[in-house]
Protein chains: 2
Amino acid sequence: MNDRATTTLDQVARQAGVSPSTVSRILNGTAKVSDAKRARVEAAIAALNYRPNVMAQNLARGRSMTVGVVTQDIASPFYSESLKGIEAALADTGYAPLFVSGHWNEADEIERVALLVDRRVDGLIVLTGMLPDEILLETAERVPLVVTGRQLAAPRVFSLDIDHEAGAHTATLYLIGLGHRRIAHLAGVQGHPDARARLAGYRRALDDAGIAYDETLVVDAQFNEEGGVAAIEQLLERRTAFTAVFAANDQSATGARLALYRRGIAVPEQVSLVGFDDLPGSLYCTPPLTTVRQPAYQIGRTAALALLEMMDGKPAPELSLSVELVVRESACAYSQP
Amino acid sequence: MNDRATTTLDQVARQAGVSPSTVSRILNGTAKVSDAKRARVEAAIAALNYRPNVMAQNLARGRSMTVGVVTQDIASPFYSESLKGIEAALADTGYAPLFVSGHWNEADEIERVALLVDRRVDGLIVLTGMLPDEILLETAERVPLVVTGRQLAAPRVFSLDIDHEAGAHTATLYLIGLGHRRIAHLAGVQGHPDARARLAGYRRALDDAGIAYDETLVVDAQFNEEGGVAAIEQLLERRTAFTAVFAANDQSATGARLALYRRGIAVPEQVSLVGFDDLPGSLYCTPPLTTVRQPAYQIGRTAALALLEMMDGKPAPELSLSVELVVRESACAYSQP
DNA sequence: TTGATATTTGAAAGCGCTTTCAATAAACAA
DNA sequence: TTGTTTATTGAAAGCGCTTTCAAATATCAA
């Protein structure tokens, strides 16, 4: 019947001939209400097509039923998988995720976090990013926090990181096992913690195999396709021989693959290629990319589940996520030319 | 000094020795306030580290400063570009986007929209999806609406669509111009409006060139990589000859490219391939994919800008977005075998 | 000066809910 | 029956802000 000018709880109460408190109790199941009244109220709700005003509920309850999620780029193929995991874990909990992007820029991130805190999010998830630990710690005093991609020990903080070093170690060792000795490494962005860890894994694998580290085989690269292209070109200019490439992430591996294609270098026949992340698209590269699988979706999901626990006042759960090498077709045994 | 237990506007007022109204006026610039008081209030705000409670503001103002965005899959490479556009357009307007996913499922979408309406979003953007027009129209009575991927004429509704038919027509004509006569079409999901329009463009191009439509060359495909793989396999089983493939979107084109690779069919030497969308990754396929560029980012951005206008009470702006063929390396002239 | 007009301020009433507290009604034991 | 205990209910006070309205003060013309 009614429509415009949304109906309020008071109207429902009046229509049903009960007090607002009673309507509220029925809505929230906060107390027993006689069947007679319940029926009248439910009829009124239906008749008026009443829907509670979430903003008002939030204010009264002092909770926003919102969790803030700081990502770097909402369109990133890697992080958007995590967002999906967060979304899935939060579905039907009453909490809605509020996604904001920091654009790999500390100032932006700080601003976004402030924005989220102002909106009184009940919890916060920070996916990697550039925020200094102190800011995170400070923020954690106002709101339960889950942070990925780093270790941060503090009350009301849950951090969730995978072992990048081990992943890189495995990948490199795999290439070595295939007979490769001259393995180039696209090392990601200088100073990025993930990049550092992956380089360390690469070096340890070489060490393990008694292969000398050759810095002419290592080149920095942006963590995107363009970075991969540029890195390969740089490598080729150096005229160092290499029979395999281990890229610090799949996007740069994809760029590398294209650059090799452009030079007429066959993958994997002439150069083997291994990535890191296992993006959804990596399965559909030509050839499908052998890579270290980072469970992005699970990371998001786990982060959200942990946050839910913390928002419930429970301690953060103990959980660990592991990386694994997924062997596809972009790397093969080295064959003496 | 103070920290825990967030400080309120009343506390600021007390500390500054003014009334809450005055503080509010300073915060919002709603009225002139004497310099003396302004200074005292600003000092108090700084001293107490006061930040307004957005929930309370929202309730009092009757606006949530939030816009709902319904997408289908937050990790979709295509739609996430649009989300990015929305995010960019909304940045620094005070509005925050609330992203929800419908998963290409009408029931889910209906539920999500209800959720957003309950949260009292000030505006709503629906990116394509399966919602029936009636529901959209009904929703538009409660909140300004922007919808992409369809035409919907109604007050407080802005619809934004690109010409899929024309795009497909251009792509197909391009292939014909290259000398191809047997052009297969991966037609997307049966019944999907975009799929229908693109098929129509394909047919019209054939018509224009006087090429008879051959239904053995057309095969349905999911709009993802797997769909492309399956479609090519199906096509190959049919044993119909073809020298080019026009895929209804880039993801299925990518799948197609992999399936061809698996069968040892070279792209573009033996089969030319054209997609639709121009996903960010399509530039890095091997070979880079020739495709019809759909300005996903612009679509999102434009949608958000239009919504801002509407939320301001202004009429929806008139705007049109165009598609264009971007020629890369996955298609080449047909050479008599 | 004085009266009229324009400015700056504060009191108080919401915004639409939740929740405490006390009153009323129902159920029980003695 | 009557006094207790327990289960339902409603009144009212918030939640933290905005905004109307009227009072208080300042400004101006005469």
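Order of the sequence lines fixes the chain letters, A, B, ..., with proteins taken first and strands second; residue numbering starts at 1 for each chain.
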Enquirer: Relative to the 5' end of DNA chain C, which residue comes earlier, Leu59(B) or Lys37(B), by the nucleotide with the nearest heavy atom?
Expert: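 The answer here is Lys37(B).
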Enquirer: Provide, to the nearest angstrom, the distance between the CG atom belonging to Asp35(A) and the P atom belonging to dA25(C).
Expert: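 So the two atoms are 19 Å apart, to the nearest Å.
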Enquirer: Expressed as a whole number of angstroms, how long is the span from Arg14(B):CZ to dA11(C):P?
Expert: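 To the nearest whole Å, that distance equals 12 Å.
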Enquirer: Using the side-chain hydrogen bond (donor to acceptor under 3.5 Å, both in side chains) rule, pick out the option among Asn58(B), Thr66(B), Asn53(B) that qualifies with Arg119(A).
Expert: Thr66(B)
Enquirer: Among dT9(D), dC15(D), dG10(C), which is the nearest nucleotide to the side chain of Ser19(B)?
Expert: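 Comparing dT9(D), dC15(D), dG10(C) against the side chain of Ser19(B), the answer is dG10(C).
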Enquirer: Quick one: what's the B/S/- string for nucleotides 18-28 of chain D, heavy-atom cutoff under 4.0 Å, read 5' to 3'?
Expert: SBB--------
Enquirer: What are the two closest heavy atoms between Met311(A) and Asp122(A), and how far apart are they?
Expert: SD-O, 3.4 Å
Enquirer: Which nucleotide in the list dT8(C), dG10(D), dT8(D) gets nearest to the side chain of Val18(A)?
Expert: dG10(D)
Enquirer: I need the CE-C1' distance between Met55(A) and dG16(D), as an integer number of Å.
Expert: 13 Å
Enquirer: Round to the nearest Å and state the distance from Lys32(A) atom NZ to dT24(C) atom P.
Expert: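 For the pair Lys32(A) NZ and dT24(C) P, the rounded distance is 24 Å.
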Enquirer: May I ask you to evaluate whether Thr8(A) reaches the phosphate of dC15(C), defined as a side-chain N or O under 4.0 Å from OP1 or OP2?
Expert: no
Enquirer: Tell me the interatomic distance from Arg38(A), atom CZ, to dT9(D), atom C1', rounded to whole angstroms.
Expert: 14 Å
Enquirer: So do Ile45(B) and Leu27(B) actually touch side chain to side chain, heavy atoms under 4.5 Å?
Expert: yes
Enquirer: Mind calculating the distance between CD1 (Ile26(A)) and C1' (dT8(D)) to the nearest angstrom?
Expert: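 From Ile26(A) CD1 to dT8(D) C1': 11 Å.
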Enquirer: Assign the ring pair Phe99(B) / Phe99(A) to parallel, tilted or perpendicular, where the plane angle (0 to 90°) is split at 30° and 60°.
Expert: parallel
Enquirer: Which whole-number value in Å describes the distance from Asn58(B) CG to dC17(D) C1'?
Expert: 10 Å
Enquirer: Identify which one of Leu127(B), Val126(B), Asp161(B), Ile162(B) satisfies the side-chain contact (heavy atoms from CB on, under 4.5 Å) criterion when paired with Thr148(B).
Expert: Leu127(B)
Enquirer: In whole angstroms, how far is the P atom of dG16(C) from the CD atom of Gln11(A)?
Expert: 9 Å
Enquirer: Can you find a side-chain donor-acceptor pair between Ser21(B) and Ser24(B) that sits under 3.5 Å?
Expert: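 No, no side-chain donor-acceptor pair sits under 3.5 Å.
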Enquirer: Would you say Gln15(B)'s side chain and Leu48(B)'s backbone share a donor-acceptor pair under 3.5 angstrom?
Expert: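 No; zero donor-acceptor contacts below 3.5 Å.
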